[in-house]
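Working notes for the structure below.
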Amino acid sequence: MEVEESKDLLDLSFLTGEEQQAITQVLQRDTELKEKDEQRIKKLRSSVTDQRILKRLSGEWFCDVRAIRPWGKVGGVDIVRASIRKKKKTRGEWDQNWGLDDKEVNGVNESEESDEDDRWKPETRSADEYLQHKVSSDVQDDESSNEDGEDVKTDVSLGHHRIPSVGDQDMEEINLSSVTVTVGLSGSMMSLFSAGEVRSLEVRGWIQFSIQYDPPKKELRILVIQCRDLTAAHNQTSNPYVKCYLLPDKSSQGKRKTKVKKKSLDPLFNETLKYKLERSELQSRFLNLSVWHRGSLGRNLFLGEVELDFASWDWSKTQHAWYHLQPRTPLSPDFLYSRGKLNLACKFIPQGGDGLGLPPSGELHIWVKEAQQLVPHKAGNVSAYVKCCVLPDDSPTSIQRTRVIPHSLQPTFNHTMVYDGFRVEDLTEACVEFTVWDQGTLSSKPLGGIRLSTGKGSSYTLPVSWMDSTEQEKNYWESVINRPGEWVEVTLPLRQNLTPR
């Protein structure tokens, strides 16, 4: 069955080599099943005389149902095959722009000729032959991407006989007769900094918005007014929308989006994006507004962003203002993986360091002063406490903790801890681990941690995973070792993900 309308064809350019190979296998399996089914029907026709029974057993009833389907008589496999076999120029153009319309290929003119052999033209080969060649070619595939360049997980299996529309959801499924492609979105934060778009666009243009905080309602409001002079992403226009995060919160619950404005480089939004949170929480947050072009099948393109630090924001500034859109730049590892900071001080007193033979053994004194700019897992405050242990001894008796400071993002602990039995040489083999926790009603959740050590990867000649201190942590620990008897103070970022012990 022929697919006559070009609008029925699919853009399959986002598929990777492995995904294309999987589709090839499904198409081959579909062909084998059709051949077996034709043999089965042939035998039925020779043995069954009742036409009603024959129609039911042979599956001819489905042809009648398919004929009255609202989306036409064309099956999903037919659409996939036609999309792959759609006429293109040469092998080279197909390798770089697999399945894209000619109008979508940057820098390709329809009248251009190629030196490639015509035998590589897709229209001269079957879908299976082309896919097998495409998988085996050495040309680098475009990375799969979802709405913001995120990783796309594709599952190909026998599916249904329907083609649902692709909407603005975080999970999209496209069922193509015997091909099912499931597009699953991963963490939202990576959409801000990934480089997985099919092509990158020049960033230009402006965005107008205002910021207000309503104390009675404890509500942050970002009024997105409009954009102007945006980059044209497709056919000299774009389908823009604005997305908002309060970084470093990268959860889907922390994402806000405007509606998509079709075919406009100067879109007018007039939409208010709202967050319910305490004013004190904003001191540790960054506002990130990014503009995106809504592409087909969720393949959207980055058009620019604006980022503001609420710690230095003038809250009396409530009027609309224009901001120049900027190219995205990766954030520092400390920012991406930190949910706050911990201010503390340490002092090592060697044996007899205080005189008169005291202390009888070396002592490590720890003063946990305060946590700063804590970022909760969800909107609201944190009931924080700190746990500490000196590895390799992680027994319950060696774990010490502060008291819980309820409902505060800047909790002050002023808690001291003492560990004895240390020699100077033990300090190079030990690791002081701090973890900050948010106490909930039923359980506590970790916010991050710090490990003070030499970071050499081993303890008493044994390789260990927890000797993984950052450069800042190592430099501080060396200062503690080299300055016995002195308090050495530091403020360190909490690492969100410590290596498991």
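These numbers come from the heavy atoms of this one structure, side chains and all, not from hydrogens, waters or symmetry mates.
- A 4.5 Å side-chain heavy-atom check between Thr318 and Ser210 finds every atom pair outside the cut-off.
- Here ring pair (Phe, Tyr, Trp, His ring centres under 6.0 Å) pairs that include residues 459-501, with residues two or more places apart or in two chains, are Trp367-Trp487.
- Checked against the 6.0 Å centroid threshold, Tyr323 and Phe209 count as a close aromatic pair.
- Of the possible polar contacts, one joining the Asp393 side chain to the Ser395 backbone as a donor-acceptor pair under 3.5 Å is found.
- Here the closest non-hydrogen pair linking Ser361 and Gly421 is OG-N, 3.1 Å.
- Figure legend: Arg403 and Phe413 shown without cation-pi pairing, the cationic atom not lying both under 6.0 angstrom from the six-membered ring centre and within 45 degrees of its axis.
- Donor-acceptor pairing under 3.5 Å is lacking for the side chains of Gln372 and Asn343.
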(request) Let me see the working for Asp394 and Arg501 under salt bridge (Lys or Arg N to Asp or Glu O under 4.0 Å), right down to the final yes or no. (result) CA-CA 10 Å; Asp394 59 353; Arg501 298 179 202 162; 3.5 Å; yes

(request) For salt bridge (Lys or Arg N to Asp or Glu O under 4.0 Å), just list the numbers for Lys276 and Glu219, CA-CA rounded to whole Å, side-chain angles, deciding distance to a tenth of an Å, and then say yes or no. (result) CA-CA 5 Å; Lys276 287 281 189 179; Glu219 186 175 75; 3.8 Å; yes

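- A 4.5 Å side-chain heavy-atom check between Leu452 and Val480 finds every atom pair outside the cut-off.
- Counting all heavy atoms, side chain and backbone alike, Ile207 lies closest to Cys227 at CG1-SG, 3.8 Å.
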(request) In sequence, state the C-alpha distance, the side-chain angles, and the governing distance for Lys261 and Phe269, and then conclude on side-chain contact (heavy atoms from CB on, under 4.5 Å). (result) CA-CA 8 Å; Lys261 300 298 180 180; Phe269 297 101; 3.6 Å; yes

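- Salt-bridge check for Asp214 with Arg221: passed, with a basic side-chain N closer than 4.0 Å to an acidic carboxylate O.
- A donor atom on one side chain and an acceptor atom on the other are not found under 3.5 Å apart for Ser465 and Thr499.
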(request) Could you please spell out the steps behind the side-chain contact (heavy atoms from CB on, under 4.5 Å) verdict for Thr412 and Lys369? (result) CA-CA 6 Å; Thr412 299; Lys369 294 188 175 183; over 6 Å; no

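- Of all heavy-atom pairs spanning Leu223 and Thr272, the tightest one is CD1-OG1, 3.3 Å.
- The main-chain N or O of Phe286 is never found under 3.5 Å from a side-chain atom of Asp309 such that the two would form a donor-acceptor pair.
- Here the straight-line distance linking atom CG of Leu201 with atom CG of Leu301 works out to 5.0 Å at 0.5 Å rounding.
- Between the side chains of Gln226 and Gln208, at least one donor N or O lies within less than 3.5 Å of an accepting N or O.
- Annotation: Gln236, atom CD; neighbour count of heavy atoms from other residues, nucleotides and ligands within 6.0 Å does not exceed 12.
- Here the closest non-hydrogen pair linking Phe302 and Ser290 is CE1-CB, 4.2 Å.
- The closest side-chain heavy-atom distance from Phe434 to Val368 is below 4.5 Å.
- Side-chain atoms of His365 and Phe348, non-hydrogen and from C-beta on, never get closer than 4.5 Å to each other.
- Between the side chain of Thr237 and the backbone N or O of Ser264, at least one donor-acceptor pair lies under 3.5 Å.
- The OG1 atom of Thr258 sits 11.0 Å away from atom CG of Asn270, with the distance rounded to the nearest 0.5 Å.
- In terms of modelled atom types and a separation under 3.5 Å, the side chain of Thr428 and the main chain of Glu425 share a donor-acceptor contact.
- With hydrogens and angles disregarded, no donor-acceptor distance shorter than 3.5 Å links the side chain of Glu278 to the backbone of Lys218.
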(request) Report the C-alpha separation of Arg401 and Val386 in whole Å, then their side-chain angles, then the decisive distance to 0.1 Å, and conclude whether the side-chain contact (heavy atoms from CB on, under 4.5 Å) test is met. (result) CA-CA 5 Å; Arg401 55 176 286 176; Val386 179; over 6 Å; no

(message) Checking Glu307 against Leu247 for the side-chain contact (heavy atoms from CB on, under 4.5 Å) test, could you report, in this order, the C-alpha distance in whole Å, the side-chain angles of both residues, the deciding distance, and whether it holds?
(response) CA-CA 9 Å; Glu307 192 165 286; Leu247 302 178; 3.7 Å; yes

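- Glu473 places a side-chain heavy atom less than 4.5 Å from the side chain of Leu492.
- When every heavy atom of Lys257 is checked against every heavy atom of Tyr241, the shortest pair comes out as CD-CE1, 3.7 Å.
- In this structure, Leu289 CG and Leu273 CG are separated by 7.0 Å, a value rounded to the nearest 0.5 Å.
- Leu265 and Ala232 make their closest contact through CD2-CA, 3.8 Å (heavy atoms, listed as atom of the first residue, atom of the second, distance).
- Looking only at distances, no side-chain donor or acceptor of Ser238 sits under 3.5 Å from a matching main-chain atom of Pro240.
- Taking OG1 from Thr397 and CD from Gln400, the interatomic distance works out to 10.0 Å, rounded to the nearest 0.5 Å.
- Between the side chain of Arg256 and the backbone N or O of Lys274 there is at least one donor-acceptor pair closer than 3.5 Å.
- Side chain of Asp266 to main chain of Asp229: a donor-acceptor pair is present (N/O by atom type, distance under 3.5 Å, no hydrogens or angles).
- Ring pair Tyr213/Trp315 is perpendicular by interplanar angle, where above 60° counts as perpendicular and below 30° as parallel.
- Environment of NE2 in His407: sparse, with no more than 12 heavy atoms of neighbouring residues, nucleotides or ligands closer than 6.0 Å.
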(message) Determine whether Lys347 and Glu363 satisfy the following criterion, salt bridge (Lys or Arg N to Asp or Glu O under 4.0 Å), listing intermediate values before the conclusion.
(response) CA-CA 8 Å; Lys347 177 175 64 172; Glu363 293 182 348; over 6 Å; no

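- The CG atom of Leu246 sits 7.0 Å away from atom CG of Leu282, with the distance rounded to the nearest 0.5 Å.
- For His293 (side chain) and Asn239 (main-chain N/O), a donor-acceptor pair under 3.5 Å exists by modelled atom type.
- Every pair passing salt bridge (Lys or Arg N to Asp or Glu O under 4.0 Å) that includes a residue from residues 451-465 is listed here, sequence neighbours excluded: Glu429-Lys456, Glu433-Arg451, Arg451-Asp468.
- Within 6.0 Å of NZ in Lys474 there are more than 12 heavy atoms belonging to other residues, nucleotides or ligands.
- The side-chain heavy atoms of Ile366 and Thr416, taken from C-beta on, include no pair separated by under 4.5 Å.
- Looking only at distances, no side-chain donor or acceptor of Asp426 sits under 3.5 Å from a matching main-chain atom of Phe422.
- Salt bridge absent: Asp314 and Lys317 never bring a charged side-chain N and a carboxylate O closer than 4.0 Å.
- In this structure the side chain of Val432 never reaches within 4.5 angstrom of the side chain of Cys346, judged on heavy atoms.
- Under the 4.5 Å side-chain criterion, counting only non-hydrogen atoms from C-beta, Leu287 is not in contact with Leu220.
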N/O donor-acceptor pairs under 3.5 Å from side chains in residues 441-448, not counting sequence neighbours:
from: Ser444; atom 1: OG; to: Tyr385; atom 2: OH; distance (Å): 3.2

